[in-house]
Amino acid sequence: MKYLEGLNDRQKEAVLHTEGPLLIIAGAGAGKTKTITHRIAHLIERGIAPHEILAVTFTNKAAGEMHDRIRTLVAGGKGMPLVATFHALGVRILREFHREAQLPRSFTIWDRDDSVRSIKAALEKLDIKEWPPRNILATISREKGDGVSRHEYAERARTFRERAVSQAWDMYEKALREEDALDFDDLLFRTLQVLTSSHEVRARLQNRWRYITIDEYQDTNRAQYEIARILAGETRNICVVGDIDQNIYSWRGADIAHLMGFEDAFSGTKVVLLEQNYRSTRTILTAANTVIEKNKRRKPKILFTENGTGESIGLYAAINEIDEAWFVAQVAREMIEGGTRAGEIALLYRENFQSRVLEEAMLSHDVPYQVLGVRFFERKEVKDTLSYLRAALNPKSRVDLLRIAGVPPRGIGKVTLEKMLDGKEIELPKAAAAKVAAFRNALLHIKKGIETLPPSEAVAYVLEASGMQKHYHGTDEGRERLDNIREFVNFATRYDFEAPSVGIEKLLEEAALQSDQDELDEKRDAVSLMTIHASKGLEFDAVFVTGLEQGLFPSIREDNPPAGGRDPEEERRLFYVALTRARKRLFLSWSGDRMRYGSRERTLPSEFLDDIDERLVSRIRPGATGVGEGVIE
C-alpha cells in the first residue's frame with residue numbers, strides 16, 4: 001500500500017480509520033494535507049467509489065493542492081472525489097437544486113464591491129449616515145454566517161443601529177432578488193436553507209457523499225458547521241481536521257466551539273493528535289510552543305521536530321517604521337544575494353496600512369516583491385470584462401449594466417441609463433434610444449459568443465464586441481489594461497475543455513470566489529508581502545514578522561469583542577500562526593515610534609516578545625549591515 005509509505009504512526013492511525021467520526025488535531029507543519037489525501041486514497045483503494053467522497057476546505061489554493069495530491073496517489077481510471085471550498089460547494093448545490101432553492105440556475109454571484117454599492121444606495125435612500133456601508137454589510141454578513149435570516153434579525157432588532165441594519169438589509173435583499181443574484185454569504189446561507197427545508201435534497205446529498213472530510217474545521221462559521229453536520233447524516237462518516245491554536249477568524253464568524261465540541265456532537269469520535277512538525281527548526285518551534293501554551297482555551301499539544309536546531313531568532317528594535325522597513329529590505333537583499341530564493345521570503349504584518357513603507361523600502365533596495373491582497377480579478381479592466389459576461393448572461397444584473405454602460409464611453413448619460421435600467425427605453429429620444437440599442441446588441445453578440453465559443457475565445461470576443469479593444473489601443477495605460485485582459489483570456493483556457501456556456505459559468509464562479517492566497521504567483525521569484533491572516537496555510541524559508549508593538553500586535557480595536565479590544569487569545573493564536581510560517585529563519589521587529597492615522601505615536605514592544613526565551617533570540621543592532629557576523633549585540 002504505497003499510500004502508507006512515508007507516514008508516521010499517528011498519520012497512519014488517522015489514514016486507516018475509515019468508519020465513523022474522526023477528529024484529527026493537526027499542529028502547524030504536521031503534514032495534515034498529506035494525512036487527508038492519503039486517507040482519501042485509502043478509502044478509494046478499499047473500494048469506496050470516488051464520487052461518494054467529498055472533501056471541503058477554505059481556499060481554492062488548498063483545494064487545488066489536495067486535488068492534485070489525490071490524483072497522484074490514486075491509480076488511473078478510478079475517477080476523482082469532489083474537492084471544493086465551502087462556497088464552491090454551495091454554488092454547486094444551489095445550481096443543481098435551483099428550483100428547490102427558488103433560484104434561477106444562472107444566478108449571478110455578487111462580489112463585495114457589488115454588495116457595498118447596493119448597501120450604499122440603500123443607506124442613501126434611507127438617509128442613514130451614521131455608519132459606512134462596509135460596516136452595515138459586515139453585520140449582515142455575520143448574521144447570514146450564523147444562519148440568521150433578515151426576518152429573524154428584524155424581529156429582534158431593538159437599538160437604532162439594529163433597526164437601520166434591518167431596513168438596509170431588506171432593501172439589499174430586494175435588490176438581490178430583482179437582479180437574480182446572490183452575495184458571497186448567500187452561497188452558504190441559501191445552501192443551508194435548502195438542506196434544512198427539503199428532505200429530498202438532503203437525502204440525495206447524504207446518499208451521494210457517504211464519506212466527508214472537512215479541512216480547517218476550526219475556521220467554520222455556524223452555516224458551514226450545520227452544512228457539514230447535515231451532509232454527514234446518519235452514517236456519520238465525517239473526518240474533520242483542524243487546530244484550535246490556528247483559529248484566527250472569529251471576526252468573520254469562525255467559532256472555536258465547533259472543534260472544541262466535536263466529540264460531544266459526534267459521540268464515539270476517534271481522536272488523533274498530529275504533533276510532529278516537519279516544517280520548522282527546533283528554535284522556531286520552541287518559541288511557538290512557549291507562546292501558545294499561555295492560552296487557556298485549547299486542546300493541549302506540544303509540537304516537536306526531528307529537524308536541526310537552526311539559527312537563533314533575529315530581533316530588531318527599529319527607531320521608526322522607516323528604519324524597520326529598511327532593515328527588512330536590506331536583510332532580504334543580503335539573503336537573496338547569499339542564495340535564498342526571493343520567493344522563499346515573506347514579510348508579514350498585522351494591518352494592511354503597514355505595507356506602504358515596506359514596499360517603498362523594497363523598491364529602494366531593488367528587491368523583487370509581490371503584495372497579496374491586490375487581486376487580479378479586482379482590476380478595473382478585468383472586472384469590466386467579467387461584467388460584460390455576467391450582463392450578457394443575466395440582463396437583469398443592474399450592477400453590471402451600471403458598470404459597463406460607459407465602458408468604453410458610448411454616450412449613454414445618467415438619465416438615459418436610469419430609463420434603460422427601469423425598462424423605460426420607449427421614452428428616450430431617438431438618438432439616445434439608438435445608443436442603448438447598440439449597447440444591448442453588443443451584449444446579445446457576446447451572449448452568442450458565450451453559447452458557441454470555447455471560454456477563452458468568448459472572453460477574447462468581449463474585447464472586440466464591447467469596443468474596449470479599440471478604446472484602449474494606442475496608449476501606455478491602454479496597453480497595460482489590454483495586457484491584463486489578455487492574461488484573463490489565458491486564464492480562461494483552463495475551461496476550454498468544458499461545453500461553452502458551462503465553461504463560462506465555471507469561470508465566473510472561480511473569479512467570484514478568489515481569495516488573497518489565489519493571487520500568490522508561485523512561479524514568480526519575488527518576496528511576498530501579506531497580512532498574517534493571508535499567510536495562514538503558507539510556509540517560507542525566511543519570515544519577517546513586523547510591527548510587534550502594543551496596540552498594533554496585539555491589536556486593540558474598539559469595534560471588536562471583547563469590549564475595548566480583540567480577544568487576547570486570538571491575537572496570541574495569530575502570533576503563533578506567524579511564527580510557524582517559517583522553516584529556517586525568523587526575524588521579529590518593532591518600532592520605537594510609528595506614524596498612524598496622520599500622527600506619530602510612541603510605542604512599546606509587544607507583550608508577545610516577552611513570551612520568547614531570551615536564549616532563542618539574537619538582538620540585531622540598529623544600522624547593522626549583515627545577518628551573520630557582527631550584528632548581534
Side-chain angles (χ1 to χ4, degrees), residues 87-122 125 137 140-141 144 149-151 168-195 197-198 201 223 377 383-405 417-425 436 439-440 442-451 455 458 462 499-513:
H87 290 87
L89 176 66
V91 172
R92 186 186 185 99
I93 291 171
L94 292 173
R95 292 219 193 275
E96 181 177 353
F97 300 102
H98 63 95
R99 291 186 183 86
E100 290 85 348
Q102 298 181 336
L103 291 167
R105 190 187 184 286
S106 59
F107 59 80
T108 297
I109 303 170
W110 277 8
D111 63 21
R112 289 297 185 193
D113 286 345
D114 297 330
S115 295
V116 169
R117 276 194 295 271
S118 183
I119 293 289
K120 182 180 179 182
K125 288 181 182 178
L137 180 62
I140 294 171
S141 175
K144 285 184 178 181
S149 70
R150 73 181 190 280
H151 298 299
W169 191 349
D170 194 57
M171 294 179 69
Y172 176 58
E173 288 297 326
K174 182 181 179 185
L176 286 165
R177 287 196 304 273
E178 287 176 347
E179 299 190 29
D180 289 341
L182 298 180
D183 68 14
F184 199 61
D185 302 296
D186 284 329
L187 301 179
L188 301 177
F189 180 71
R190 297 293 289 272
T191 298
L192 178 58
Q193 279 189 321
V194 75
L195 286 173
S197 62
S198 173
V201 171
F377 289 107
K383 289 196 74 168
D384 291 341
T385 307
L386 287 166
S387 282
Y388 268 106
L389 294 168
R390 293 186 351 179
L393 290 171
N394 180 9
K396 291 184 179 181
S397 183
R398 291 173 65 96
V399 294
D400 292 309
L401 293 172
L402 279 166
R403 182 176 185 90
I404 60 177
L417 182 58
E418 287 177 356
K419 288 189 179 296
M420 181 187 81
L421 293 173
D422 292 338
K424 298 178 181 178
E425 293 170 35
V436 171
F439 176 49
R440 297 280 194 195
L443 291 176
L444 283 174
H445 281 294
I446 291 171
K447 184 178 182 182
K448 289 180 182 177
I450 290 171
E451 293 170 345
V462 171
S501 294
V502 174
I504 288 294
E505 185 179 273
K506 291 186 176 181
L507 168 65
L508 292 174
E509 286 174 13
E510 181 163 350
L513 302 179

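No experiment lies behind these values; they were computed from the predicted model shown. Start at 1 with the first residue, then count along the sequence.
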Closest non-hydrogen atoms of Gly449 and Ala458, given as atom of the first, atom of the second and distance, are O-CB, 3.9 Å
Lys120: side-chain contact (heavy atoms from CB on, under 4.5 Å) partners, not counting sequence neighbours | Glu124, Pro133
Check the pair Glu425, Arg440 against salt bridge (charged side-chain N to carboxylate O under 4.0 Å, His left out), reporting the backbone distance first and the verdict last.
-> CA-CA 11 Å; Glu425 293 170 35; Arg440 297 280 194 195; 2.9 Å; yes
Can you check whether Val399's main-chain N or O pairs, donor with acceptor, with Glu179's side chain at less than 3.5 Å?
-> yes
Any cation-pi pair here, Arg95 with Phe107, using under 6.0 Å and within 45°?
-> yes
Identify, with sequence neighbours excluded, every residue that meets side-chain contact (heavy atoms from CB on, under 4.5 Å) alongside Ala405.
-> Leu417, Phe439
Count the heavy atoms of every other residue, nucleotide or ligand shown that sit under 6.0 Å from CZ of Arg112, and state whether that count exceeds 12.
-> yes
Separation between CE of Met171 and OG of Ser118, rounded to the nearest 0.5 Å | 8.5 Å
Measuring from Ser115:OG to Tyr172:OH, what's the distance to the nearest 0.5 Å?
-> 2.5 Å
Taking every non-hydrogen atom, the tightest pair across Ile446 and Ala392 = CG2-CB, 3.8 Å
Can you spot which of Arg403, Arg398, Arg390 makes a side-chain hydrogen bond (donor to acceptor under 3.5 Å, both in side chains) with Asp114?
-> Arg390
Nearest atoms (heavy-atom pairs only) where Pro500 meets Pro455 | O-CG, 4.1 Å
How long is the gap from CD1 on Ile140 to CD on Glu173, to the nearest 0.5 Å?
-> 7.5 Å
Only one of Val194, Leu187, Leu192 forms a side chain to side chain contact (heavy atoms under 4.5 Å, CB included) with Ile93, so which one is it?
-> Val194
Can you find a heavy atom in the side chain of Asp400 that is under 4.5 Å from one in the side chain of Leu386?
-> no
Measuring from Trp110:CH2 to Leu182:CG, what's the distance to the nearest 0.5 Å?
-> 10.0 Å
When rounded to the nearest 0.5 angstrom, what distance separates CD1 in Ile504 from CG in Leu508?
-> 6.0 Å
Check side-chain contact (heavy atoms from CB on, under 4.5 Å) between Lys396 and all other residues, then give those that pass, not counting sequence neighbours.
-> Asp180, Asn394
Value rounded to 0.5 Å, distance of CZ in Arg99 from OG in Ser198 | 13.0 Å
For the pair Leu89 and Thr191, evaluate side chain to side chain contact (heavy atoms under 4.5 Å, CB included) and give the outcome as yes or no after the intermediate values.
-> CA-CA 9 Å; Leu89 176 66; Thr191 298; over 6 Å; no
Using modelled atom types only, decide if a donor and an acceptor are shared between the side chain of Ser387 and the backbone of Lys383 within a distance under 3.5 Å.
-> yes
Using modelled atom types only, decide if a donor and an acceptor are shared between the side chain of His98 and the backbone of Leu103 within a distance under 3.5 Å.
-> yes
Using 4.0 Å as the upper bound for N to carboxylate O, is an ion pair formed by Arg105 and Glu96?
-> no
Is it the case that more than 12 heavy atoms not belonging to Gln102 sit under 6.0 Å from its CD atom?
-> no
Is the backbone of Leu137 close enough, under 3.5 Å, to the side chain of Ser141 for a donor and an acceptor to pair up by distance?
-> no
Got a salt bridge between Lys144 and Asp183, using NZ or NE/NH1/NH2 to carboxylate O under 4.0 Å?
-> yes
